[in-house]
Q: 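Before I ask anything, let me first share the structure, which is written out below as structure tokens.
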Amino acid sequence: MAKIDVSIETNDLPAPPPKHPNTCPSCHSHYRDDELERSLWVCGHCGHHFAMRARDRIACLADPGSFVEEAADLHSEDPLGFFDLRPYTERLAEAEMSTGLADAIVIGQATLDGRQTELAVMDFAFMGGSMGSVVGEKLSRACDSAAERGVPLIAVTSSGGARMQEGILSLMQLPKTVCAVEDLHDAGQAMIVVMTHPTTAGVLASFASLGDVLLAEPGALIAFTGPRVVQQTTREKLPDDFGLAEQNLRFGHLDAIVPRPELRPTLSRLLRLLDAPQ
Amino acid sequence: MAKIDVSIETNDLPAPPPKHPNTCPSCHSHYRDDELERSLWVCGHCGHHFAMRARDRIACLADPGSFVEEAADLHSEDPLGFFDLRPYTERLAEAEMSTGLADAIVIGQATLDGRQTELAVMDFAFMGGSMGSVVGEKLSRACDSAAERGVPLIAVTSSGGARMQEGILSLMQLPKTVCAVEDLHDAGQAMIVVMTHPTTAGVLASFASLGDVLLAEPGALIAFTGPRVVQQTTREKLPDDFGLAEQNLRFGHLDAIVPRPELRPTLSRLLRLLDAPQ
Amino acid sequence: MPPSEHELRLRERLSRLKSLPLLGGAKLSGELERLQRQLERIAAEPTDEEIWRSVQLARHEQRPYTLDYAERLLDDWFELHGDRGLADDGAMVIGLGKLGGRTVTLVGQQKGRDIQERTRRQFGMPYPEGYRKAIRAFELAERLRTPVVSLVDTPGAYPGVAAEQHGQGGAIARSQAAMARLTVPTVACVIGEGGSGGAVAIALADRVLMQENAIYSVISPEGCAAILWRDAGQAQKAAAAFKPDARHCLELGVIDGIVPEPEGGAHTDHDEAARLLGESLREALDELDGVPGEELRRRRRARFRSLGVYA
Amino acid sequence: MPPSEHELRLRERLSRLKSLPLLGGAKLSGELERLQRQLERIAAEPTDEEIWRSVQLARHEQRPYTLDYAERLLDDWFELHGDRGLADDGAMVIGLGKLGGRTVTLVGQQKGRDIQERTRRQFGMPYPEGYRKAIRAFELAERLRTPVVSLVDTPGAYPGVAAEQHGQGGAIARSQAAMARLTVPTVACVIGEGGSGGAVAIALADRVLMQENAIYSVISPEGCAAILWRDAGQAQKAAAAFKPDARHCLELGVIDGIVPEPEGGAHTDHDEAARLLGESLREALDELDGVPGEELRRRRRARFRSLGVYA
Ligand SMILES: [Zn+2]
Ligand SMILES: [Zn+2]
């Protein structure tokens, strides 16, 4: 038992893709692209929340035209010359090609219902939202930008954990982002975290858990160790809702579960609360 | 259920007295006074810790001749003109007569193995060690004396809870002593608490739990709500060691259980640790 | 009984207000009226029957609870959940909201209205998890620099096996300690039952208020009677002896002011009860405005450290 | 590979020391010898076999654990217990002791020597309760103004149903945050397995050291192999790829120094291993002496915020 590593869930995630990305894995309803977009990628039949790309998320949250991206050109290096079945550099290039993103997070300034904020939005499509040097650095810069501008940070997480191809440096993104959030807090600014499916391992065990307000989307897996590894390691029988947002709320780890259509008004309300003259 | 008060355990404590105070309630061994004194009031047969009077405790802990009592002449008033089956003033006078103490706590300066410290020792024999205005005030003054002299405070607790004859003012001794301990901490000084049988209700829910190091004597009842009230209120089946020091240690609420003969060397060690140049 | 210090202060303030040209208009004349009302109430020592009526009204099943006030008093009210450790205790409510344009962190005990909700909220008796949830809210308030409004309404902390195992005494102590450390303004109001350690756990505030018919006590009348008279039926006698009513608490310096209720009690008109409570809370916060955090903390501790009567 | 910055710094320091008149006598010449040894070790890039040997030695069943060091290094060692909430996690040890006359707060993971102790200590894998116990120790150290010494030795945080329900991820995050807030000097040393989040939870320190044969990694070699090669048997290959050994961690700037072990590994001579560790810890604490608390914290955060490689 002592020999099984437990902190990385990349292997568990994502669930095997359904036949078609527009088919609901829960009720098997099928949607056209424009239907999904109009419904904020929520299944109209069963309420399943489809994964949402970072740019779509930003478009849904930021006032039109208000988003000013920061640090867009940061790219991962390959500090270890890492090579498993394929070189890390090749995996990076492929992810960039397929997602149009330089790494698994997008940060920038925006307004939401006219209120200034900083956004940091992860994208699971880029190597499972894994946190390497670029994710850590950009999240940290988002903290600094929020602190300097005196506005709250909204972080939307989606991650399978640390990016193991960067070895120990990926682990160091945990304390790095923790320090960045502490600096943000010392500057008197708040962080609101929106955990989406999945938020696990290193991201959960660092900045994501340090939000002043922790929100989650319905059905999101939120776990340090995912169900498969827990099952394999301990042979315990898992509760039905093991690791889901709903269980996390019951056990006191979340402030609220917010269905996607209510997310924007909820964040708007929180920004009003955080904006008030003291 | 909502109507049953749960925070005062005076009624539960002490356990019905044995035939003779020198008879061990656990194994029924009987001792002469001088035997008990030599064994630090610990049953040589079964290890039961008899209740220990405040002055005896101080004599065991302080270097001979080093104890300088403080605030010895503080006496309770009777703010409510409280009268139950008998007037509170009469109960006070009787307690003073039978114990030779002005109230349920003795405080003062002392050295222990040559190291300066402040002692605050409760005495269960004075109205069940209940905390009224005098206990609260003297504990607070002990905090101030320790802070001013730059020495740690050692508090030995033994209490059935708040002194209800002083009404709401007895409850106010909880926040009062909490504030005193916070002032002590802000002055950079530590508090070591030794919980002896019983440490319950208001004392446990205030200064006693705020010690930097929490020690307890074996078998001491340490509970906010004692077993009888829990049983009556919830009809739950109680674990065998419900509320005892041993259960508290297991559940993470104590640093160590220290048998009485080891208490002085343990405190001496802790004073050495707290004394060290930083 | 000679006039209490508080009464003297009130009288002085009243005469000062009366001699002022009424430039402040409505606000000032409202103030006058309020003080006059308060004075009349305090002037008369409550009878044993009045004390017992407070006990009954404080526990009235239709009395407004914390969430009733949150919804009425706070704009953009947003409830937060969980202790970040083990549970989300339904007997303790925390959240953010705007009180007259000022964002505050609310902490309060919560009873249930029907039997299902009562069970879910343990009749307003928090577990240690509830006090840890409160501590989290205090720490959040400190970080966000919002004042804390604390509404006290509990028969006491929950008395159960798990509650003891999870450290009920320590949790109550640490909740008070967390409040003693705050450098943001804090106002507590007992809005129903202020039952013992479980109540004071969230009442170590810069200003402590009580609603007119709330009670604040070291033990319930029934518990006191059972212990001292060996007969829980003597509750009314016990209440008369230990005086848990607002007027006596004010007399003893335990609270700073009494919040008026609608005629007949808060349960008769939730909206009006909320309005009156909101007025008092805002006034208390206004008084604390501009006091530096360290000074707030120093005064808060000094206030509690002064409580007690001895010779 | 060109010499690393650390190597350059070492070389410079070495030549400075060599040119000094040896007034310091034994201490200085010991220093010289130590640096020389360290330099030799760093100069050579470890082979894949050497990396794998570190993995094996880091996990050696006779390797000294936290309590073995506490007993040998700390005068008046006094173990503290409990998280003040729910449990006393045996996989996390905290306590007070004197290291060379200076009281320190020790925090460290603890494996078990025999099967019974291993079970009791969950093979060194803490529950959230263990991390809360560590947080309590950090807060105690801040209050008592003692430095923190943190010894890292865990395969990872415990992966179980209750651990998840009790908030494993949040506990690890908050343990790091607690360290990031400290204004007392902090030194961490990986003394065996530094397994992922469960390890870094207590390693956000001013100085981070590793014993010569310790490993520090984002995932175990077996886990990495299972995920990337789809074959846990490829662990040796995985270790060679992600380089969890001390020399590579030093190279990457993740650690500040390597603590030498006795020839053959720490398990061959616990006393000597403790002596060498104690020397390094004291040296690290000496370096931090006199730095104001706020400055320590600022530098600590800046240090961790600088980690990462990107373009
Ligand atoms: Zn569906
Ligand atoms: Zn015996």
Side-chain angles (χ1 to χ4, degrees), chain B residues 1-8 10-11 74-77 79-80 82-85 133-134 136-137 140 162 164 166-176 178-183 201-202 204-210 222-225 229-230 233-234 236 238-239 242-243 247 251-253, chain C residues 59 111 118 123-125 155-161 163-170 172-174 176-177 179-181 195-201 203-204 216-220 222-224 226-229 238 241-244 248-249 252 254 300-302 304-311:
Chain B
M1 180 156 77
K3 300 298 165 61
I4 297 177
D5 184 280
V6 299
S7 54
I8 298 283
T10 311
N11 198 27
L74 279 195
H75 281 75
S76 267
E77 299 255 289
L80 301 184
F82 198 91
F83 187 101
D84 47 87
L85 301 176
S133 297
V134 172
E137 177 66 16
S140 299
M164 81 191 76
E166 295 187 18
I168 188 71
L169 286 178
S170 69
L171 182 63
M172 289 304 115
Q173 304 313 304
L174 276 66
K176 172 168 178 164
V178 166
C179 287
V181 173
E182 286 300 309
D183 283 341
L204 183 67
S206 62
F207 73 90
S209 288
L210 301 179
I222 300 170
F224 181 64
T225 312
V229 171
V230 169
T233 314
T234 66
E236 289 179 85
L238 304 190
F242 177 80
Q247 188 196 60
F251 278 91
H253 307 304
Chain C
R59 295 167 169 177
K111 298 175 174 181
R118 275 182 202 155
F123 299 82
M125 297 187 285
Y158 190 81
V161 171
E164 286 300 321
Q165 291 173 336
H166 297 180
Q168 190 68 280
I172 292 172
R174 277 182 275 277
Q176 292 172 75
M179 291 193 88
R181 279 194 293 272
S196 192
V200 79
L204 203 162
Y216 198 9
S217 61
V218 69
I219 186 169
S220 71
E222 293 76 9
C224 179
I227 294 172
L228 293 184
W229 281 266
F242 74 72
K243 305 182 173 65
H248 280 107
C249 286
L252 290 164
V254 168
R300 186 187 312 131
R301 290 188 192 169
F304 279 94
R305 291 196 57 171
S306 75
L307 292 175
V309 173
Y310 46 84

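All heavy atoms count here, side chains included; hydrogens, waters and symmetry mates do not. Below, read A as the first sequence line, B as the second, and so on, with proteins coming before strands; counting in each chain starts at 1. Everything numeric in this text was worked out from a predicted model, so none of it was measured.
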Q: May I ask you to name which of C/Val161, C/Leu307, C/Ile172 has the most heavy-atom pairs under 4.5 Å with chain B?
A: C/Val161
Q: Heavy-atom distance under 4.5 Å between the side chains of C/Gln165 and B/Pro239, does that happen here?
A: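 Yes, their side chains come closer than 4.5 Å.
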Q: Mind checking the CE-SG spacing from B/Met172 to C/Cys249? Nearest 0.5 Å is all I need.
A: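 Rounded to the nearest 0.5 Å, the CE-SG separation comes to 7.5 Å.
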Q: Relative to chain B, which of C/Ala173, C/Gly167, C/Gly308, C/Ala199 shows the most heavy atom pairs under 4.5 Å?
A: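 If we count pairs closer than 4.5 Å to chain B, C/Ala173 comes out on top.
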Q: With only heavy atoms counted, which part of B/Leu210 is less than 4.5 Å from chain C, the side chain, the backbone, both or neither?
A: side chain
Q: Can you list everything that forms a side-chain contact (heavy atoms from CB on, under 4.5 Å) with C/Ala238? Sequence neighbours excluded, please.
A: C/Cys224, C/Ala225, C/Trp229, C/Phe242
Q: What distance separates B/Thr225 OG1 from C/Met125 CE, expressed to the nearest 0.5 Å?
A: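 Here the rounded value is 10.0 Å.
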Q: Provide the closest heavy-atom pair for B/His253 versus C/Glu164 in the form atom of the first, atom of the second, distance.
A: NE2-O, 4.1 Å
Q: What's the shortest heavy-atom distance between C/Ser217 and B/Ile168, and which atoms?
A: N-CD1, 3.7 Å
Q: Considering only heavy atoms and a distance below 4.5 Å, find which of B/Leu169, B/Ile222, B/Leu74, B/Asp183 pairs most often with chain C.
A: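 That would be B/Asp183.
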Q: Run the side chain to side chain contact (heavy atoms under 4.5 Å, CB included) check on C/Tyr216 and B/Leu171 step by step: do they pass?
A: CA-CA 9 Å; C/Tyr216 198 9; B/Leu171 182 63; 3.8 Å; yes
Q: What part of B/Phe242 gets within 4.5 angstrom of chain C, counting heavy atoms only: side chain, backbone, both, or neither?
A: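 Just its side chain gets close to chain C.
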Q: What option among B/Gly136, B/Ser170, B/Gly167, B/Ala205 has the most heavy-atom pairs under 4.5 Å with chain C?
A: B/Ala205
Q: C/Phe304 and B/Cys179: which non-hydrogen atoms are nearest, and at how many Å?
A: CB-SG, 4.0 Å
Q: Could you measure the distance from the CZ atom of B/Phe207 to the CD atom of C/Gln176? Nearest 0.5 Å is fine.
A: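 If I round to the nearest 0.5 Å, the distance is 12.0 Å.
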Q: Closest approach of B/Ser209 and C/Arg174, non-hydrogen atoms and distance?
A: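 In terms of heavy atoms, the two residues are closest at O-NH1, 3.2 Å.
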Q: I'd like to verify something: which residue of B/Leu238, B/Val181, B/Leu174 has the highest number of heavy-atom pairs under 4.5 Å with chain C?
A: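 The answer is B/Leu174.
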Q: To the nearest 0.5 Å, how far apart are CG in C/Leu204 and NZ in B/Lys176?
A: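 If I round to the nearest 0.5 Å, the distance is 13.0 Å.
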Q: Under 4.5 Å between any side-chain heavy atoms of C/Ile227 and B/Asp84, yes or no?
A: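 No - every pair of side-chain heavy atoms lies 4.5 Å or more apart.
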Q: How close do B/Thr233 and C/Pro159 get, counting heavy atoms only, and between which atoms?
A: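 Looks like CG2-CG, 3.7 Å.
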Q: List in chain and number order the residues that pass side-chain contact (heavy atoms from CB on, under 4.5 Å) with C/Ala163, two or more places apart in sequence or in another chain; answer none if no residue qualifies.
A: C/Tyr127, C/Pro128, C/Tyr158, C/Gln168
Q: Under 3.5 Å, side chain of C/Arg181 to main-chain N/O of B/Glu182, donor-acceptor pair present?
A: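 Not at all, since once roles are kept as given, no pair shorter than 3.5 Å links the two residues.
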Q: Please name the pair of heavy atoms, one in B/Phe83 and one in C/Ala241, separated by the smallest distance, quoted to 0.1 Å.
A: O-CB, 4.2 Å
